[in-house]
Amino acid sequence: MRLTEFRCEALFEWSLSEVELMHWADFTAEKLRKERGEKQVACSGITPSGEFHLGHIREILSAEMIHRSCLDAGLDSRYIFIVDSMDPLRRVYPFLSDEYEQYIGCPLAFIPAPDSDGNPDPNAGSYAEHFLEPFLEALAEIGVFPEVIMNHETYAGGQFTDKVDSAIEQADESREIIESISGRELDDDWFPYKPLGSDGSMDGVTVTGYEKPYVHWKDRHGESGSADTRKAEGKLPWRIDWAARWGIHGVTCEPAGKDHGAAGGSFDTGLPICRLLGSEPPAKMVYEWIQVKGAGPMSSSSGNTVGPIETLSLVPPEILRYLIAGSKMNRHIDFNTGPALFQMADEYERLVADPPNPEAEDLTKRQRVAAITQSGAMRLSQIERGADPVDSLAGVSFRHLAMLAQIKTSDDDVWNSLRSSGHLTGEPKQALQQRLARMRNWIGSIHFPEDARIHIHSQIDENVRGELSQEQSTFLQKLAGELSNTEWSDEAIGSTIRTIAPGCGIGGREAYVALYWVMLGRNYGPKASAILFEIGREAAIELLTS
RNA sequence: GGGCCUGUAGCUUAGUCAGGUAGAGCGCCGGGCUUUUAACCCGGUGGCCGGGGGUUCGAAUCCCUCCAGGCCCGCCA
């Protein structure tokens, strides 16, 4: 704990003189302090339409890491997560039944959630909540606990009223900003507020007048009415809504995807609109796309990308955080749930085992930059802020767990194995249990790399038989005979192997190579005695004598 | 058409903003550990920093230009 505090202090010291040598989140925190002072509000948002992807995770983690960096730098920081629950249902998604046609244009907060068949279920709560819930659970797994703000509640609470009034009073200016910056032409009947019609949809509703706080409308059914701007009876159009909420919540930082960041995109129009409505906007900050690819055919039409929930079911959360923390924001991330996961885990574990020390004196500028960046990435990758990275490994390497999970079918056997090898004392912590669960998911999925898969043969392959020397064959025969009397434990089997080998005229290496050849069809592998143990006495003897 | 980002070793990349001898990890090769956590340790291999031009004593870094890739400009992060 004290060490962590010291490191944060040290980072801050660096920042004063060598701001450029910081991790991007720390750099941003420092920049925010200079521009906006001690109070910071980091923000990210999501539309709970049900279509989530990893880009959302990148956005959220970027904001959350900046928030953590602000806290680490001693700033008074909040991280808010705005749910666009007032956004309308735009189309009938593939996972919805046609019955949702009737809800198009209605705010997601006000329409029913689908049941398992995709039909509206009046007893399942709101659509927005329904999809938000599992997403928030996923966020909790990666250590993200935002202040959740449902945008429809902000409308219902009247917090938007002044902004709405301001936008309507300055409708011409708003229009001018959007048209000149985005380059697109707005319809003549464009109005900076979209009231809900008689059927609860904002589609086909025309504004007929404004008398604060009421927006009068006429809808496609010929009905007319008035929307109270102090309530959730309508909303601002996206480009204005976004700009308005910056002011309402005092947002000082909100990373946006590069679609919003493009010239003329919603960030560019948001900045002047936010000022038009009387508030100071956050500085423009844009992050690149992220893509996580998996193996095999996926439901998604665009290649075979893996969604955030599925990714989290396979990838350890700190590794996912590290993927984001270790990449610069403007860097496109291509990741896969195959071999790259092993590599990323290796890299992470190397850093944990041998933490970079930015304070070392004999470092070149380059090395110091790397050390600072890496130690920042490690710090921000922890699920719990301030936690010791060593704890995240729970004492077991990713590769070791991959092996154990394959040869031990029961979790208890894995724990026993870890106890006997000294990796574990007592009962496994929840973190370790989850690691194993994810590992099993991964191994059981098509994403697990084929060459990391252990295929235990049930009999000697003919090609393999040809490779074996006379001595090796003799060894295998003798071993088979001996195994029928050997105590069936990992250790005893190992000892038997080592005892028999010399008597067959071969060294230990050749003996093991022979064993691996017949068991796995390869000349190397995980601990041989452990595999034999797992195969079981009878099957093992059958294999060796086949 | 307008704009943004990227191009450095076989792969992933650091360094680019404030120019000062190209760094790292993985892979690969060799050796060690009298042999197993696909581990670990030591050594080695490997880059005209996308091409060309310019500024400079000096350029991966700044300027111009070209090439290649990705993306945005319809509320898809």
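Just so it is clear: chains get the letters A, B, ... in the order the sequence lines come, proteins before strands, and each one is counted from 1. Please read these numbers as outputs of a predicted model, since none were measured by experiment.
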S.K.: So what's B:G44 paired with, Watson-Crick or G-U wobble, going by both distances under 3.5 Å?
M.R.: B:C28
S.K.: Give A:Ile290 one of three labels, base, sugar-phosphate or nothing, depending on what nucleic acid heavy atoms sit under 4.0 Å from its own.
M.R.: base
S.K.: In terms of side-chain heavy atoms of A:Ser397, which of B:U37, B:A14, B:C75 is nearest?
M.R.: B:U37
S.K.: Does B:G1 pair with anything, Watson-Crick or G-U wobble, both distances under 3.5 Å, and if so, with which nucleotide?
M.R.: B:C73
S.K.: Can you tell me if the side-chain N/O atoms of A:Asn330 get under 4.0 Å from OP1 or OP2 in B:C4?
M.R.: no
S.K.: Please measure how far the P atom in B:G2 lies from the corresponding atom in B:G20, and state the result in whole Å.
M.R.: 34 Å
S.K.: If you only use heavy atoms from C-beta on, which nucleotide in B:G15, B:C5, B:U37 is closest to the side chain of A:His400?
M.R.: B:U37
S.K.: With a 3.5 Å cut-off and no angle check, do the side chains of A:Tyr155 and A:Asp241 form a donor-acceptor pair?
M.R.: yes
S.K.: In whole Å, measure the gap between the P atoms of B:C28 and B:U6 for me.
M.R.: 31 Å
S.K.: Starting at atom CE of A:Met329, determine the distance to atom C1' of B:C17, rounded to an integer number of angstrom.
M.R.: 16 Å
S.K.: Using the C1' atom as the point on both nucleotides, what is the distance between B:A9 and B:A14, in whole Å?
M.R.: 13 Å
S.K.: Would you say the side-chain atoms of A:Arg379 pair up with the backbone N or O of A:Gln374, donor to acceptor, closer than 3.5 Å?
M.R.: no
S.K.: When the C1' atoms of B:A38 and B:A77 are compared, how many Å lie between them, rounded to an integer?
M.R.: 37 Å
S.K.: Between B:C4 atom C1' and A:Met285 atom CE, what is the distance in whole Å?
M.R.: 17 Å
S.K.: Compare side-chain N and O positions of A:Arg331 against OP1 and OP2 of B:U12 and report whether any pair is under 4.0 Å apart.
M.R.: no
S.K.: Which one, B:U36, B:A77, B:G70, comes nearest to the side chain of A:Glu288?
M.R.: B:G70
S.K.: Closest approach to the side chain of A:Asp259, judged atom by atom: which nucleotide of B:U37, B:C75, B:C76 is it?
M.R.: B:C76
S.K.: Quick check for you: among B:U36, B:C26, B:A38, whose closest atom lies nearest to any side-chain atom of A:Tyr512?
M.R.: B:U36
S.K.: In whole angstrom, what separates A:Leu404's CG from B:U36's C1'?
M.R.: 13 Å
S.K.: Working to the nearest 0.5 angstrom, can you tell me the gap between A:Gln291 CD and A:Leu54 CG?
M.R.: 9.5 Å
S.K.: Let me know the distance between CD1 of A:Ile456 and P of B:A38, rounded to the nearest Å.
M.R.: 13 Å
S.K.: Strictly below 4.0 Å: does A:Lys235 bring a side-chain N or O up to OP1 or OP2 of B:C75?
M.R.: no
S.K.: If you measure from CG on A:Leu401 to NE2 on A:His423, what distance do you get to the nearest 0.5 Å?
M.R.: 10.5 Å
S.K.: Counting the atoms with a prime plus P, OP1 and OP2 as sugar-phosphate, which does A:Gly257 contact under 4.0 Å by heavy atoms, base, sugar-phosphate, or nothing?
M.R.: sugar-phosphate
S.K.: How long is the line joining NE2 of A:His53 and P of B:C76, in whole Å?
M.R.: 9 Å
S.K.: Side chain of A:Lys194 only, please: which of B:U37, B:G15, B:C75 is the nearest?
M.R.: B:C75
S.K.: From the list B:G15, B:U37, B:A77, which nucleotide is the closest neighbour of the side chain of A:Met403?
M.R.: B:U37
S.K.: Round to the nearest Å and state the distance from A:Arg91 atom CZ to B:C76 atom C1'.
M.R.: 8 Å
S.K.: Would one find a side-chain N or O of A:His332 under 4.0 angstrom from OP1 or OP2 of B:C5?
M.R.: no
S.K.: Just checking A:Ile454: base, sugar-phosphate only, or nothing, at a heavy-atom cut-off of under 4.0 Å?
M.R.: base
S.K.: What is the nucleic acid contact for A:Ala452, judged by heavy atoms within less than 4.0 Å: base, sugar-phosphate only, or nothing?
M.R.: base
S.K.: May I ask you to check whether A:Phe135 and A:Phe131 place their ring centers less than 6.0 Å from one another?
M.R.: no
S.K.: Using atom C1' in both nucleotides, what's the gap between B:A24 and B:G46 to the nearest angstrom?
M.R.: 14 Å
S.K.: Establish, yes or no, whether the cationic atom of A:Arg399 lies under 6.0 Å from the six-membered ring centre of A:Phe342 and within 45° of the ring axis.
M.R.: yes
S.K.: Can you measure A:Phe27 atom CZ to B:A14 atom C1' for me and round it to whole angstrom units?
M.R.: 17 Å
S.K.: With rounding to the closest Å, how many angstrom separate the C1' atoms on B:C67 and B:G53?
M.R.: 14 Å
S.K.: Whom does B:A38 pair with, Watson-Crick or G-U wobble, provided both distances fall under 3.5 Å?
M.R.: none
S.K.: Looking for any heavy atom pair under 4.0 Å, which part of the strands does A:His423 touch: base, sugar-phosphate only, or nothing?
M.R.: base
S.K.: When the P atoms of B:C64 and B:U55 are considered, how many whole Å apart are they?
M.R.: 15 Å
S.K.: Suppose we call two aromatic rings close when their centres sit under 6.0 Å apart. Are A:Tyr93 and A:Phe95 close by that rule?
M.R.: yes
S.K.: Has the side chain of A:Arg90 got a donor or acceptor that lies under 3.5 Å from a partner of the other kind on the base of B:C75?
M.R.: yes
S.K.: Considering every strand and a 4.0 Å limit on heavy-atom distances, what is the contact class for A:Arg399: base, sugar-phosphate, or nothing?
M.R.: sugar-phosphate
S.K.: Are A:Trp517 and A:His457, when compared by the centres of their aromatic rings, separated by less than 6.0 Å?
M.R.: no
S.K.: For B:G19, which nucleotide is its Watson-Crick or G-U wobble mate, given both distances must be under 3.5 Å?
M.R.: none
S.K.: Would you kindly give the CD-to-P distance between A:Glu179 and B:G2, to the nearest whole Å?
M.R.: 22 Å
S.K.: Which whole number of Å gives the distance between the C1' atom of B:G19 and that of B:G10?
M.R.: 30 Å
S.K.: On a plain distance test, is the side chain of A:His56 in donor-acceptor contact with the base of B:A77 below 3.5 Å?
M.R.: no
S.K.: Among side-chain atoms of A:Thr269 and A:Ser182, is any donor-acceptor pair under 3.5 angstrom?
M.R.: no
S.K.: Scan A:Asp87 against the nucleic acid and name what it touches under 4.0 Å (heavy atoms): base, sugar-phosphate only, or nothing.
M.R.: base
S.K.: Whom does B:G7 pair with, Watson-Crick or G-U wobble, provided both distances fall under 3.5 Å?
M.R.: B:C67
